[in-house]
Student: 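The following block contains the structure, expressed as structure tokens.
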2 protein chains.
Amino acid sequence: MGRAGKHPTISDVAERAGVSVPTVSRVLTGAARVSPAKREQVEAAIAELRFRPSAAARVLVSRKSRTIGVITGNTSRYGYAETIRGIEIAARAEGYTVMITVVESPDEDEVDRAVSATLTHALAGVVVLKFDPPGVAALQRLGDELPVVALSGTREAGVPQAVLDEAAAAEELTDHLLGLGHATVHHVRVPPSRRVDGRTTGWKRALRKAHAPVPPVFDATWDPRSGVAIGRALAADPDVTAVFCGNDEIAMGVMRGVAEAGKRVPEDLSVAGFDDHPLAELWSPPLTTAQQDFAGLGGRGFGLLLQAIDGTSDRRYSSERPKLVFRESTAAPKRR
Amino acid sequence: MGRAGKHPTISDVAERAGVSVPTVSRVLTGAARVSPAKREQVEAAIAELRFRPSAAARVLVSRKSRTIGVITGNTSRYGYAETIRGIEIAARAEGYTVMITVVESPDEDEVDRAVSATLTHALAGVVVLKFDPPGVAALQRLGDELPVVALSGTREAGVPQAVLDEAAAAEELTDHLLGLGHATVHHVRVPPSRRVDGRTTGWKRALRKAHAPVPPVFDATWDPRSGVAIGRALAADPDVTAVFCGNDEIAMGVMRGVAEAGKRVPEDLSVAGFDDHPLAELWSPPLTTAQQDFAGLGGRGFGLLLQAIDGTSDRRYSSERPKLVFRESTAAPKRR
DNA sequence: GTGAAAGCGCTAACAC
DNA sequence: GTGTTAGCGCTTTCAC
């Protein structure tokens, strides 16, 4: 039967349809009008041959790619995974494919490798998840060789970006705790991407505004278990009545530590999280938190990137504010 | 200053280094020996020009790609996200880049689009996450045009695959519950990828082996909240003393429903999950479950794919058994 | 509208 | 070892 297994090329299609190669190309790209008759012949030939154009050849000659890159720090943490999902869905809807590049540390070599991979592949553009130091470093190294959009929780100068206004939401959440009658609110921080962290900033702003004391910050890692020891320490301090955690998973760790220390949430201690993790509402007690639309963030980020690629618009910024969700993990403090 | 912004090509490098284009190519690929002197000149020119070879041109002529595809159903669910992370880490270590293609439904159009994207990009190979019907459909449609590896929880004929032996672990977990003195074990199933689901199969096998009655299965969705109503129903039935859930997130939903119905775990009801989700050990009470090494599964899958690509080996199968983790959500039933 | 010719940036094959 | 030549599969001029 001849060429079993071999992929047909555009000239196979042209031959079969009885037209020239450029005509097939025109049908494929829609770049120029083709007579209905020839168009039909070409489409028939494509279907019969199961022809698929080679992305490599197209990119090589047209210098236009339908693939975008995503540079990210960790693909499986909740916020990252959801953001990537949002990017992918938006990209897919526009016919783009997504290439993932993970950067685990801000080391020069690591970042260089990631940036090289991106540049080598002649991508249409890149979305950088700038939630952590590796993301920040990658962004800097990327230069202006191709369209780039950054995604994060804090506005910053430079490239176009989509953000979730963490500071505003953190401030509002702290206001809520203060409004319940707590003298102050303690804070457990997740690893910040830079010196200034939106969640911490908003928390501090609310305390200052209310003239409440600003207690020292507790630092957790990304591992929820790191919250357990912190929770125990917090429970042991009678001055602590309310805690705002950098994310829900840390809050869950903290609550476990509080429980191990024999205290109850929210009776002895109010705990608030951040993100609205899918398990936050199932936790006991259900967690008060700020709902972050990560998938939406990813979608807006891709939208911005698309505009940068097409040059159709010069919008460079998209911000959204997380919505607070009040559940049962926060309450008024006990009277003393 | 001339060509600002334009990417240098291999001939720019050749010119600058005073050698021919193929010599630069030899330095780049290491395909043939180059004299130390010329090699040095070439490397200097590459560094000065910040040259990066075009992946598109390379793929076009060599027909070898350093990009693999991952076809998956949902990138943000725990097991999927971890598996993808494992694939990416293993791929990165070998210099491969990962392209993600999401298939949300087993519809012909959806699957065709995903397969087309894969084929168009001339990938080195594809890893299919065959945990759900879309994955199964994609696998069938992929044909034998390029190396493919499937990842799942149940062994099956066909392409090379890496599996986590869910049935064995589920059986062992059910044995554990039965051994505690429960007359039987109820089961809440997550959406199965095919008619036969490893977790359900193992559960049933254990019950049959023990001559215990096989109660009707409860069907949950992937949303942990779907477990809540089921938990309430289970709590209302005095015959139910032990429940084995298809995954930890569903188990958490079930436990929430049980709590809402005023019953306690494990005193009134034992609940076991599956996966060892990062929050399982922080839950109250900490969850008895089967630890699945999803990242390891991804890594083994990539290893199998690499062998299929190189043809270095004809290993077609890699299986691992989840390890049971006994925590406090399971206990002996109350005496009646 | 359509075809002929050129060439994207690289590697493969073949001389020397 | 090294250079010359050819060509991967497409899109892009440019005639007609």
Side-chain angles (χ1 to χ4, degrees), chain A residues 3 5-43 45-46 49-67 116 119-124 145-146, chain B residues 3 5-43 45-46 49-67 116 119-124 145-146:
Chain A
R3 31 153 296 291
K6 276 285 306 145
H7 273 296
T9 71
I10 195 172
S11 49
D12 295 329
V13 175
E15 192 181 340
R16 176 141 194 155
V19 300
S20 71
V21 167
T23 294
V24 178
S25 174
R26 285 170 192 126
V27 171
L28 252 24
T29 61
R33 261 195 252 302
V34 173
S35 70
K38 302 212 163 181
R39 147 162 274 122
E40 233 170 80
Q41 291 161 234
V42 170
E43 279 165 352
I46 288 172
L49 261 26
R50 295 169 183 282
F51 165 78
R52 301 184 203 282
S54 150
R58 283 185 141 164
V59 167
L60 189 58
V61 57
S62 73
R63 288 140 185 299
K64 281 178 179 51
S65 168
R66 297 287 267 179
T67 302
S116 280
L119 263 25
T120 273
H121 281 280
L123 304 174
E145 305 197 50
L146 80 177
Chain B
R3 29 153 300 289
K6 277 285 307 144
H7 273 295
T9 71
I10 195 172
S11 48
D12 295 329
V13 174
E15 192 181 339
R16 175 141 194 154
V19 301
S20 72
V21 168
T23 295
V24 177
S25 174
R26 285 169 192 127
V27 171
L28 253 23
T29 60
R33 261 195 252 299
V34 173
S35 72
K38 303 214 161 182
R39 146 163 275 123
E40 234 170 78
Q41 292 160 232
V42 169
E43 279 166 352
I46 288 173
L49 262 24
R50 295 169 181 283
F51 165 78
R52 302 185 202 280
S54 150
R58 284 183 141 168
V59 167
L60 189 57
V61 56
S62 73
R63 289 142 184 298
K64 281 178 179 52
S65 169
R66 297 286 269 179
T67 302
S116 279
L119 262 25
T120 273
H121 282 279
L123 303 173
E145 305 197 50
L146 79 179

Student: What residues form a side-chain contact (heavy atoms from CB on, under 4.5 Å) with B/T9, not counting sequence neighbours?
Tutor: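 Counting only residues at least two positions away or on another chain, B/T9 forms a side-chain contact (heavy atoms from CB on, under 4.5 Å) with B/S11, B/D12.
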Student: Could you tell me how far apart B/L49 (CG) and C/dG9 (C1') are, to the nearest whole angstrom?
Tutor: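 Rounded to the whole Å, the gap is 14 Å.
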Student: I need the B/L123 CG to B/E145 CD distance, nearest 0.5 Å.
Tutor: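 Nearest 0.5 Å value for the CG-CD distance: 12.0 Å.
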Student: Anything under 4.0 Å to a heavy atom of chain B counts; send over the first and last such nucleotide of DNA chain D, read 5' to 3'.
Tutor: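 That gives a stretch of D/dG1 to D/dG9.
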Student: Tell me every residue that passes side-chain contact (heavy atoms from CB on, under 4.5 Å) with B/S35, counting only those two or more places apart in sequence or in another chain.
Tutor: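 side-chain contact (heavy atoms from CB on, under 4.5 Å) list for B/S35, sorted by chain: B/A37, B/K38.
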Student: Please table the atom pairs, donor to acceptor, closer than 3.5 Å between any side-chain atom in residues 16-33 of chain B and protein atoms at least two apart or in another chain.
Tutor:
unit_1	atom_1	unit_2	atom_2	d
B/R16	NE	B/E48	OE1	2.7
B/R16	NH2	B/E48	OE1	2.5
B/S20	OG	B/T23	OG1	3.3
B/T29	OG1	B/S25	O	3.0
B/T29	OG1	B/A31	N	3.2

Student: What are the two closest non-hydrogen atoms of B/V42 and B/V13, and how far apart are they?
Tutor: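 Scanning both residues completely, I find the closest heavy atoms to be O-CG1, 4.2 Å.
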Student: Name all residues meeting the salt bridge (Lys or Arg N to Asp or Glu O under 4.0 Å) criterion together with B/R58; count only those two or more places apart in sequence or in a different chain, and write none if there are none.
Tutor: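 Per chain and number, B/R58 pairs via salt bridge (Lys or Arg N to Asp or Glu O under 4.0 Å) with no residue.
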Student: From CG of B/L60 over to P of C/dG7, roughly how many Å is that when rounded to an integer?
Tutor: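 That distance rounds to 17 Å.
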Student: Can you sort out the partners of B/S54 under side-chain contact (heavy atoms from CB on, under 4.5 Å), two or more places apart, ordered by chain and number?
Tutor: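 If we apply the side-chain contact (heavy atoms from CB on, under 4.5 Å) test to B/S54, skipping adjacent residues, the hits are A/L60, B/A56, B/A57.
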Student: Within the sub-3.5 Å range, which N or O atoms of nucleotides 11-14 of chain C have a protein N or O partner, and how far apart are they?
Tutor:
unit_1	atom_1	unit_2	atom_2	d
C/dT11	OP1	B/R58	NE	2.6
C/dT11	OP1	B/R58	NH2	3.2
C/dT11	OP2	B/S25	OG	2.6
C/dT11	O5'	B/S25	OG	3.4

Student: Just to verify, what does B/R66 make a salt bridge (Lys or Arg N to Asp or Glu O under 4.0 Å) with, not counting sequence neighbours?
Tutor: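 Here no residue qualifies.
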Student: Quickly work out the B/H7 NE2 to C/dC10 C1' distance and round it to whole Å.
Tutor: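 Spelled out: NE2 on B/H7 to C1' on C/dC10 is 15 Å.
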Student: Got a sec, which residues hit salt bridge (Lys or Arg N to Asp or Glu O under 4.0 Å) with A/E43, two or more places apart in sequence or on another chain?
Tutor: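 With sequence neighbours excluded, A/E43 shows a salt bridge (Lys or Arg N to Asp or Glu O under 4.0 Å) to A/R39, given in chain and number order.
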Student: For residues A/L49 and A/P8, report the shortest heavy-atom separation together with the two atoms involved.
Tutor: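 For A/L49 and A/P8, the tightest heavy-atom pair comes out as O-CG, 3.3 Å.
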Student: Quantify the bending of the helix from C/dG1-D/dC16 to C/dC16-D/dG1 as the angle between its end axes, each fitted on five pairs, to 10°.
Tutor: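 Between the axes fitted at each end of the helix from C/dG1-D/dC16 to C/dC16-D/dG1 lies an angle of 30°.
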